[in-house]
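Notes follow the structure.
Every chain is numbered from 1 and lettered A, B, ... according to where its sequence line falls, protein lines coming before strand lines. Given the structure is predicted, the values throughout are model-derived calculations rather than measurements.
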Amino acid sequence: MKRTELFTKTLREAPAEEVAKNAQLLIRAGFVHKEMAGVYAYMPLGLRVLENIKRIVREEMNAAGGQEVMMTTLQPRDIWEKTDRWDDRKVDNWFKTKLANGTELGVGLTHEEPVVDAVSNYASSYRDLPFAVYQIQNKFRNELRAKSGLLRGREFVMKDLYSFSRNQEEHMRVYERYVKAYFSVYDRLGLGDITYRTYADGGIFTPRFSDEFQVVSPVGEDTIYVDEVKRIAINKEIFTDENLEKLGLKREELVEKRGIEAGNTFHLESKYTDALGVYYTDENGERRSYVMGCYGIGVSRLVGVIAEHFSDERGLVWPESIAPFMIYLASIGEVHDDAQKLYTLLRGKGIEVLWDDRDVRPGEKFADCDLMGIPHRVVVSPKTIDLNKFEYKHRTGNSAELLTLETLLARLDAS
RNA sequence: CGGGGAGUGGCGCAGUCCGGUAGCGCACGCGGUUUGGGACCGCGGGGUCGCAGGUUCGAAUCCUGUCUCCCCGACCA
């Protein structure tokens, strides 16, 4: 894409109302637009990042056997009453609305009930099991207080997956498979080293712990205790001697840290299927309860987490796996034809290039390139043309170097 | 929802205490000089000062109400 075709602009200063680093940088660089508290719209660059994260999540969920669906945002009241989750005193962050005839509707905040309801039309035999469905969709939660930029919003993009198994043993195999898939996701996002599987409260309907995937960060909302050798952690909310013993953790081996919950997985047992009267038939023709699991990843929250973590005093520093563009091509001086040639050549190789073809001074191009966090910067100028080379610099590098076309392409291939 | 702070062109701010017809920087438009780390000069467009009442000859400024935003807390992916 050419910079002159991109309608968004960069700002020198962030809006005063934004304090969170992730929101400040994303707004300054033109990635997101704040619609209201806790509600952000994605502009072209931000959408590219969001879609890249979705792609990675999708690939890993598919690889683990998940089948993608898309449930609805509008929710009928009856199925939620069956599981006792309609009442505002039970679930206090519903957004609700009405049909013209007065019928009350819910605006989806999670999808256990509708997924169970939909699945019951198709799967009813042990032969169908196990299976899992997932979706990547906007969720709406009426949080009392939105904060921390993209980290806690009222409308956000979430991947939610629901597994259905025959029994506990099968469920645990499936469960661990998705836990593994989660780490593949975090690894590919560059967060693997600072993400800990964290034991947390499992909820009212299971004696078991749930797992949270906590990204260590000073701005995290959760306090966790990390065993850095075993690479697991325990959330402060269940930090008791009894639980430590149960989990085989020793108080003296744990380090207190702050974490951002970037995902979680729960054992749902048969709570929702039983409540909705949905069962399967086993090989003996007997009616049996499903064993369910649910698995969430805050996709839009990850945009904020990564912006927060991968940034420096000059701006964002996207990992290549999700960067909006791979290369920032800055043309300096009267070099349009040469820049065009390189632009076409790189795009022909399937490389995403943002060509800054504006008639502005070099410093402004470099500053924007750094602020936007594009991994590779290539400069075409009269000087580089005279030498028959290109100037190359990595976002995290200290200095630029002059490379021939072949070396440049090899450098990009290697990364 | 409790406590604290703040709403003035798209963004950052001054002006509010002490009422007199709105200003600066960035961004935007035109002209010119510039051109390797956010250049400079000149000219120009854009704001019913969050909203609604009230006081006053006169309100961004004083009074009342209301909406919104941010921070801390409680709650939560």
Any-strand Watson-Crick or G-U partner of [N], both distances under 3.5 Å:
N: B:A60; answer: none
N: B:U48; answer: none
N: B:G2; answer: B:C72
N: B:C24; answer: B:G12
N: B:C43; answer: B:G29

Sugar-phosphate only, base, or nothing, as touched by [X] at under 4.0 Å among non-hydrogen atoms:
X: A:A14; answer: sugar-phosphate
X: A:T10; answer: base
X: A:G30; answer: nothing
X: A:D370; answer: base
X: A:K139; answer: nothing
X: A:E143; answer: base

**Message:** Students often mix this up, so state it plainly: with edges at 30° and 60°, are the rings of A:F213 and A:F183 parallel, tilted or perpendicular?
**Reply:** perpendicular
**Prompt:** With under 30° as parallel and over 60° as perpendicular, where do the rings of A:Y343 and A:W355 fit, or are they tilted in between?
**Reply:** tilted
[X] side chain N/O closer than 4.0 Å to the phosphate oxygens (OP1, OP2) of [N]?
X: A:K147; N: B:A74; value: no
X: A:R145; N: B:C72; value: yes
X: A:R301; N: B:A77; value: no

Work out how far the [atom1] atom of [N] is from that of [M], and round it to whole angstrom.
N: B:G50; M: B:A6; atom1: C1'; result: 11 Å
N: B:A52; M: B:G15; atom1: C1'; result: 24 Å
N: B:C70; M: B:G53; atom1: C1'; result: 27 Å
N: B:U56; M: B:C62; atom1: C1'; result: 10 Å
N: B:A77; M: B:G37; atom1: P; result: 49 Å
N: B:U61; M: B:U8; atom1: P; result: 14 Å
N: B:G23; M: B:U16; atom1: C1'; result: 14 Å
N: B:C26; M: B:A39; atom1: P; result: 11 Å

**Message:** Tell me if the centroids of the rings in A:Y175 and A:H267 come within less than 6.0 Å of each other.
**Reply:** yes
Look at the side chain of [X] and decide which nucleotide, out of [options], has an atom nearest to it.
X: A:N264; options: B:G37, B:G36, B:A77; value: B:A77
X: A:D92; options: B:C75, B:G36, B:C11; value: B:C75
X: A:R314; options: B:G37, B:A74, B:G36; value: B:G37
X: A:A16; options: B:G12, B:C70, B:C75; value: B:G12
X: A:F156; options: B:C70, B:G37, B:A77; value: B:A77
X: A:R361; options: B:G36, B:G12, B:A39; value: B:A39
X: A:K34; options: B:C69, B:G37, B:G36; value: B:C69

Nearest-angstrom distance from the residue atom [atom1] of [X] to [atom2] of [N]:
X: A:I27; N: B:C11; atom1: CD1; atom2: C1'; answer: 11 Å
X: A:E17; N: B:U8; atom1: CD; atom2: P; answer: 10 Å
X: A:Y328; N: B:G36; atom1: OH; atom2: P; answer: 17 Å
X: A:D359; N: B:C30; atom1: CG; atom2: P; answer: 12 Å
X: A:N142; N: B:C75; atom1: CG; atom2: C1'; answer: 12 Å
X: A:Y392; N: B:G36; atom1: OH; atom2: P; answer: 23 Å
X: A:E13; N: B:C26; atom1: CD; atom2: C1'; answer: 7 Å
X: A:E364; N: B:C26; atom1: CD; atom2: C1'; answer: 11 Å

**Prompt:** For A:R141 and A:T110, what are the C-alpha separation, side-chain angles and deciding distance, and is it a side-chain contact (heavy atoms from CB on, under 4.5 Å)?
**Reply:** CA-CA 9 Å; A:R141 296 187 186 180; A:T110 182; 3.9 Å; yes
**Request:** Confirm from the modelled atom types if A:R377 and B:G37 form a donor-acceptor pair under 3.5 Å, side chain to base only.
**Result:** yes
**Message:** Tell me if the side-chain of A:E391 makes a donor-acceptor pair with the base of B:G36, cut-off 3.5 Å, by modelled atom types.
**Reply:** yes
Test the [X]-[Y] pair against the cation-pi criterion, namely NZ or CZ under 6.0 angstrom from the six-membered ring centroid and within 45° of the ring axis.
X: A:R377; Y: A:F366; value: yes
X: A:R48; Y: A:F325; value: yes
X: A:K90; Y: A:W80; value: no

**Message:** Keeping A:S270 on the side-chain end and A:Y290 on the backbone end, is there a donor-acceptor pair under 3.5 Å?
**Reply:** yes
**Complete:** RNA chain B nearest-nucleotide lookup for A:S381 and A:E237: closer to the 5′ end is A:S381
**Message:** Go nucleotide by nucleotide along RNA chain B from the 5' end; which of A:A37 and A:G263 gets its closest nucleotide reached first?
**Reply:** A:A37
**Near-parallel close stack of A:F366 and B:G36 base (under 5.5 Å, under 30°)** = no
**Asked** Under the salt bridge (charged side-chain N to carboxylate O under 4.0 Å, His left out) test, which residues partner A:K21, sequence neighbours left out?
**Response** none
